[in-house]
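Only one structure is covered here, and it is reproduced in the block below.
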Amino acid sequence: MTIISQDFYNRNTLEVAKDILGCKLNRRTESGILSGIIVEVEAYTQEDPACHAFKGKTPRAITLFKQPGIAYVYFIYGMYHCMNIVTEEYDRAGAVLIRALEPLPPTENTNGPGKLCKALNITKEFNETDITSKESDLWIEEGIIVPKKQIITTTRIGIKLAADFPWRFYIKENKFVSKL
DNA sequence: GATAAGATGTTA
DNA sequence: AACATCTTATCA
């Protein structure tokens, strides 16, 4: 399997979000490698009021300004983690939130951003992990090809700010996309 | 089915 | 006080 390089992430966030659908997320654990196809994502950029980086380089959001191709993992609602991939050139903030995976093999419950982090045991210790290297315990490879016609665009979920931005993308009729 | 409430801790 | 969530309870 071909690992996805930094160049892929060093682009406009909206483009990366659409192009990463169908790619395969891998997590190496003591009991083996857990994998899933990315089937649902959302985009966030520094000009976007809903983005953590909108207010600038706060301690939490500083990761978003770093080099593309690293993970941004944060803790939310007192019990869940959410995993993003940092995009855009160094010193420009941008990220793609991984919202759902199609698990391989189909055992884990990965149809939501908090659930997939729990299933793959992704915690804040993975913040700033280089996901373009197989030496990491978290990386992304090429997966299946998703035709443009199969990509559905909608507004993002669970936010109040910029709720009208059509920056959520998912694979049409995939059973593992988060509920309604 | 739908909608509401509760759990829980970090952030600025 | 809000929060890029999810589960459980309580209706119908």
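Nothing here was measured: the structure is a model prediction, and the numbers come from that model. Just so it is clear: chains get the letters A, B, ... in the order the sequence lines come, proteins before strands, and each one is counted from 1.
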For this session: Go through the steps for A:I131 and A:I3 under the test side-chain contact (heavy atoms from CB on, under 4.5 Å), then give the verdict.
Result: CA-CA 9 Å; A:I131 58 161; A:I3 200 158; over 6 Å; no
For this session: Taking A:E108 for its side chain and A:L116 for its backbone only, find out whether a donor-acceptor pair lies under 3.5 Å.
Result: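 No, the answer is negative, given that no donor and acceptor are paired below the 3.5 Å cut-off.
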Exercise. Do A:N84 side-chain atoms and A:A95 backbone N/O form a donor-acceptor pair below 3.5 Å?
Worked result: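 Pair absent, no side-chain N/O of A:N84 close to backbone of A:A95.
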For this session: Step through the shown structure and confirm whether more than 12 heavy atoms of other residues, nucleotides or ligands are within 6.0 Å of NZ on A:K18.
Result: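 Buried by this count: over 12 neighbours within 6.0 Å.
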Exercise. Do the ring planes of A:Y74 and A:H52 sit parallel (below 30°), tilted (30 to 60°) or perpendicular (above 60°)?
Worked result: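 Aromatic pair A:Y74/A:H52 classed perpendicular.
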Between [N] atom [atom2] and [X] atom [atom1], what is the distance in whole Å?
X: A:I76; N: C:dC6; atom1: CD1; atom2: C1'; value: 12 Å
X: A:K118; N: C:dA4; atom1: NZ; atom2: P; value: 21 Å
X: A:Y77; N: C:dA1; atom1: OH; atom2: P; value: 17 Å
X: A:K160; N: C:dT5; atom1: NZ; atom2: C1'; value: 13 Å

For this session: Say whether A:S178 and A:N111, considering side chains only, have a donor N or O and an acceptor N or O under 3.5 Å apart.
Result: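 There is no such pair (donor and acceptor under 3.5 Å, judged by atom type) between the side chains of A:S178 and A:N111.
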Test side chain to side chain donor-acceptor pair (under 3.5 Å) applied to [X] - qualifying residues, sequence neighbours left out:
X: A:D7; answer: none
X: A:S31; answer: A:T29
X: A:K57; answer: A:D91
X: A:T87; answer: A:T13

For this session: Enumerate the residues from residues 9-24 of chain A whose closest heavy atom to DNA chain B is under 4.0 Å, giving them by residue number; use none for an empty result.
Result: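 Per residue number, the list is empty: none.
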Problem set entry | Contacting residues from residues 91-100 of chain A, given that a heavy atom lies under 4.0 angstrom of DNA chain C |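 Within residues 91-100 of chain A, the residues near DNA chain C are A:L97, A:R99.
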Exercise. Of all of residues 48-74 of chain A, which get a heavy atom below 4.0 angstrom from DNA chain C, listed by number?
Worked result: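 By residue number: A:A50, A:H52, A:Y74.
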Problem set entry | Canonical and wobble pairing (Watson-Crick, G-U, under 3.5 Å) of DNA chain B, dot-bracket with | | |||||||.|||.
Just to verify, what does [X] make a salt bridge (Lys or Arg N to Asp or Glu O under 4.0 Å) with, not counting sequence neighbours?
X: A:E40; value: A:R99, A:R168
X: A:K66; value: A:E128
X: A:R60; value: none

Problem set entry | NZ or CZ of A:R156 within 45° of A:Y44 ring axis and under 6.0 Å |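 So A:R156 does make the cation-pi contact.
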Exercise. Just by protein heavy atoms under 4.0 Å, how would nucleotides 7-12 of chain C read 5' to 3' in B, S and -?
Worked result: S-----
For this session: Remember a base hit wins even if backbone is also touched, and classify A:F75 as base, sugar-phosphate or nothing at under 4.0 Å, heavy atoms.
Result: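 Sugar-phosphate: the residue A:F75, judged by heavy atoms under 4.0 Å, touches backbone atoms but no base.
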For this session: Please work out if A:G114 contacts a base, only the sugar-phosphate, or nothing of the nucleic acid, heavy-atom cut-off 4.0 Å.
Result: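 Sugar-phosphate, no base atom in range.
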Exercise. Between A:T110 and A:K115, does a side-chain contact (heavy atoms from CB on, under 4.5 Å) hold up when you go through it step by step?
Worked result: CA-CA 5 Å; A:T110 54; A:K115 291 157 88 174; over 6 Å; no
Exercise. So A:V16 and A:I85, side-chain contact (heavy atoms from CB on, under 4.5 Å) or not? Walk me through it.
Worked result: CA-CA 9 Å; A:V16 176; A:I85 300 151; 5.7 Å; no
